[in-house]
Trainee: 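Supplied in structure tokens, the structure appears directly below.
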Amino acid sequence: YTEELKSQNAIDFDDMIIRATDVVNEAKYTPEWTYILVDEFQDISAARMEFIEALIDKGPCPTLTVVGDDWQSIYRFSGGKLELTTRFGKKVGSYTETKLQKTFRYNNSIANTAGQFIMENPEQYKKYIETHTQVDSSQVYLLDDKVGKKDGVYERVEEVVLKIRENDSAGSIAVIARYNYLLNDARAVLKASKLLDGVHFWSFHKSKGLEADYCILIGFFQGRSGFPNENRDEAIVEALLPILDSFKHSEERRLFYVGITRAKKKSYIIADPTAPSEFITELL
């Protein structure tokens with residue numbers, strides 16, 4: 001790979017970060033910033049952290065502020081290193097911490113369900129989210145996927161969309177899944193039923209930062225293409241990624257948290273009751 005880059009006189013994204021760090025450390029460039037703000041800090045990689053440290057060490061004694069949500073750290077595959085957030089003090093020394101614990105997107109029912117689930121992992125920060133919108137009953141619904149029917153999960157998605165439309169003709173709807181094939185099949189069924197208006201189709205990863213009034217989460221069954229994913233990563237690939245904390249399915253848990261908190265009003269989870277996902281068993 002490195003030889004191919006050289007032959008093309010090219011560099012990749014990591015090269016840009018590493019070379020920029022070298023330029024600062026070798027005093028070829030002197031940072032002049034007195035304030036450095038890093039957003040989405042939960043996705044930071046080791047190389048990017050070294051670049052920030054170089055800017056601080058060689059700069060005019062700047063103030064560093066980082067903003068991030070460890071519950072939404074889902075980019076390990078691109079170098080995201082969770083412990084740089086959850087163990088921030090060990091990396092940078094003394095610091096002041098402020099927890100932002102109020103949300104204006106979802107209601108207390110969604111907050112309580114998602115928060116209890118994500119905090120089972122002791123590596124995650126303890127946060128107790130206050131919601132602007134308060135409800136008296138659960139707004140998280142667990143539905144079966146029409147056991148025994150080949151396309152039962154997609155029929156159930158169609159039923160839920162119709163039910164939503166009976167009560168809210170204009171509300172936004174998102175279908176969210178771990179894998180694109182599930183989204184493509186769901187889209188085809190809704191297209192055939194002329195129910196696509198106002199419906200979005202997102203993978204869990206792509207849903208981050210987005211929101212819809214109603215979310216329908218699918219793909220909760222056991223197996224290699226289930227959720228959580230039960231694949232065992234290739235050893236070589238695994239060796240190239242940041243160390244994962246020891247809690248079982250920790251990053252997949254954060255993916256689920258991201259998905260369930262995209263909903264502003266109601267979240268529907270469609271699962272296979274004959275071979276249920278570990279996440280569904282835990283939620284029950």
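Just so you know, residue 1 is the first one in the sequence shown, and it goes up from there.
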Trainee: Quick test of your reading: applying ring-ring contact (aromatic ring centres under 6.0 Å, His included), list the pairs with at least one residue in residues 109-148, sequence neighbours left out, ordered by first then second residue.
Mentor: F104-H132, F117-F256, F117-F279, Y141-Y268

Trainee: Any chain of hydrophobic side-chain contacts (each under 4.5 Å) joining V66 to W71?
Mentor: no

Trainee: Shortest non-hydrogen contact from V258 to S207?
Mentor: CG1-OG, 3.6 Å

Trainee: How long is the straight-line distance from OG1 of T113 back to CD1 of I118, given to the nearest 0.5 Å?
Mentor: 13.0 Å

Trainee: With the threshold set at 4.0 Å, does a side-chain nitrogen-carboxylate oxygen contact exist between R178 and E252?
Mentor: yes

Trainee: Counting C-beta onward and ignoring hydrogens, is there a side-chain heavy-atom pair between V189 and E155 closer than 4.5 Å?
Mentor: no

Trainee: Would you say that more than 12 heavy atoms from the other residues, nucleotides or ligands in this model lie under 6.0 Å from the CG of D136, or not?
Mentor: no

Trainee: What I'd like to find out is whether the side chain of K146 reaches to under 4.5 Å of the side chain of Y154, using heavy atoms alone.
Mentor: no

Trainee: Identify, with sequence neighbours excluded, every residue that meets salt bridge (Lys or Arg N to Asp or Glu O under 4.0 Å) alongside E123.
Mentor: R87

Trainee: Is there a side-chain contact between L217 and F227 (heavy atoms, below 4.5 Å)?
Mentor: no

Trainee: Report the distance from atom CD1 of I176 to atom OG of S203, rounding to the nearest 0.5 Å.
Mentor: 9.0 Å

Trainee: Could you tell me which non-hydrogen atom of A212 sits nearest to which non-hydrogen atom of W202, and how far apart they are?
Mentor: CB-CH2, 4.1 Å

Trainee: Between R253 and E120, is there a salt bridge with N-O shorter than 4.0 Å?
Mentor: no

Trainee: Do K208 and D43 have side-chain heavy atoms sitting under 4.5 Å apart?
Mentor: yes

Trainee: Below 4.5 Å, heavy atoms only, C-beta onward: do E278 and H249 meet side chain to side chain?
Mentor: yes

Trainee: Has R254 got a side-chain atom pairing as donor or acceptor with I74's backbone, closer than 3.5 angstrom?
Mentor: no

Trainee: So does Q116 have more than 12 non-hydrogen atoms from other groups sitting under 6.0 Å from CD?
Mentor: no

Trainee: Are more than 12 heavy atoms from other residues, nucleotides or ligands located less than 6.0 Å from atom NZ of K99?
Mentor: yes

Trainee: Can a donor-acceptor pair be found, under 3.5 Å and without considering hydrogens, that links the side chain of S109 to the backbone of Q139?
Mentor: yes

Trainee: Go through the steps for K102 and E130 under the test side chain to side chain contact (heavy atoms under 4.5 Å, CB included), then give the verdict.
Mentor: CA-CA 5 Å; K102 181 161 187 178; E130 177 189 351; 3.9 Å; yes

Trainee: Restricting to non-hydrogen atoms, name the atom on I110 and the atom on A263 that form the minimum distance, rounded to 0.1 Å.
Mentor: CD1-O, 3.5 Å

Trainee: Can you name the nearest heavy-atom pair linking T131 to N108, along with the distance?
Mentor: OG1-N, 3.1 Å

Trainee: Measure the shortest side-chain to side-chain distance between T34 and T63 over non-hydrogen atoms and say whether it is less than 4.5 angstrom.
Mentor: no

Trainee: Does K194 have more than 12 heavy atoms from other residues, nucleotides or ligands lying within 6.0 Å of its NZ?
Mentor: no

Trainee: Can you confirm whether more than 12 heavy atoms, excluding those of E32, are under 6.0 Å from its CD atom?
Mentor: no

Trainee: Under a 3.5 Å cutoff, is there a donor and acceptor pairing between the side chains of T21 and E50?
Mentor: no

Trainee: Which atom names give the shortest non-hydrogen contact between L84 and S45, and what distance separates them?
Mentor: CD1-O, 3.8 Å

Trainee: How long is the gap from OG on S138 to NZ on K266, to the nearest 0.5 Å?
Mentor: 9.0 Å

Trainee: What distance separates I52 CD1 from I44 CD1, expressed to the nearest 0.5 Å?
Mentor: 3.5 Å

Trainee: Can you tell me how far CZ of R156 sits from NZ of K149, rounded to the nearest 0.5 angstrom?
Mentor: 9.0 Å

Trainee: May I ask you to say whether K248 pairs ionically with E282, meaning some side-chain N is under 4.0 Å from a carboxylate O?
Mentor: no

Trainee: Taking atom NZ of K126 as the centre, does the number of heavy atoms from other residues, nucleotides or ligands within less than 6.0 Å exceed 12?
Mentor: yes

Trainee: Looking only at non-hydrogen atoms, find the nearest pair between T85 and Q42 and report the distance.
Mentor: OG1-CA, 3.3 Å

Trainee: Can you spot which of K58, R19, E53 makes a side chain to side chain contact (heavy atoms under 4.5 Å, CB included) with V24?
Mentor: K58

Trainee: Quick check with a 6.0 Å cut-off and a 45 degree axis cone: is R187 positioned over the face of F201's six-membered ring?
Mentor: yes

Trainee: Using the rule given for side chain to side chain contact (heavy atoms under 4.5 Å, CB included), can you reason through R48 versus V38, listing the C-alpha separation, both sets of side-chain angles and the distance that settles it, and then say yes or no?
Mentor: CA-CA 10 Å; R48 294 173 216 176; V38 184; over 6 Å; no

Trainee: In terms of side-chain geometry, is the basic nitrogen of E251 or R76 positioned less than 4.0 Å from the acidic oxygen of its partner?
Mentor: no

Trainee: State whether R165 and D197 are salt-bridged, where the test is any N-O pair (Lys NZ or Arg NE/NH1/NH2 against Asp/Glu carboxylate O) under 4.0 Å.
Mentor: no

Trainee: Under the ring-ring contact (aromatic ring centres under 6.0 Å, His included) test, which residues partner F88, sequence neighbours left out?
Mentor: F41, Y95

Trainee: Does any non-hydrogen side-chain atom of I260 lie less than 4.5 Å from one of I269?
Mentor: yes

Trainee: Output the distance between atom CD1 (I17) and atom CG (D22), rounded to the nearest 0.5 Å.
Mentor: 11.5 Å

Trainee: Between Y1 and D12, is a side chain to side chain contact (heavy atoms under 4.5 Å, CB included) present by the stated rule, with each step listed?
Mentor: CA-CA 10 Å; Y1 174 70; D12 65 13; 2.7 Å; yes

Trainee: Does any non-hydrogen side-chain atom of D15 lie less than 4.5 Å from one of L5?
Mentor: yes

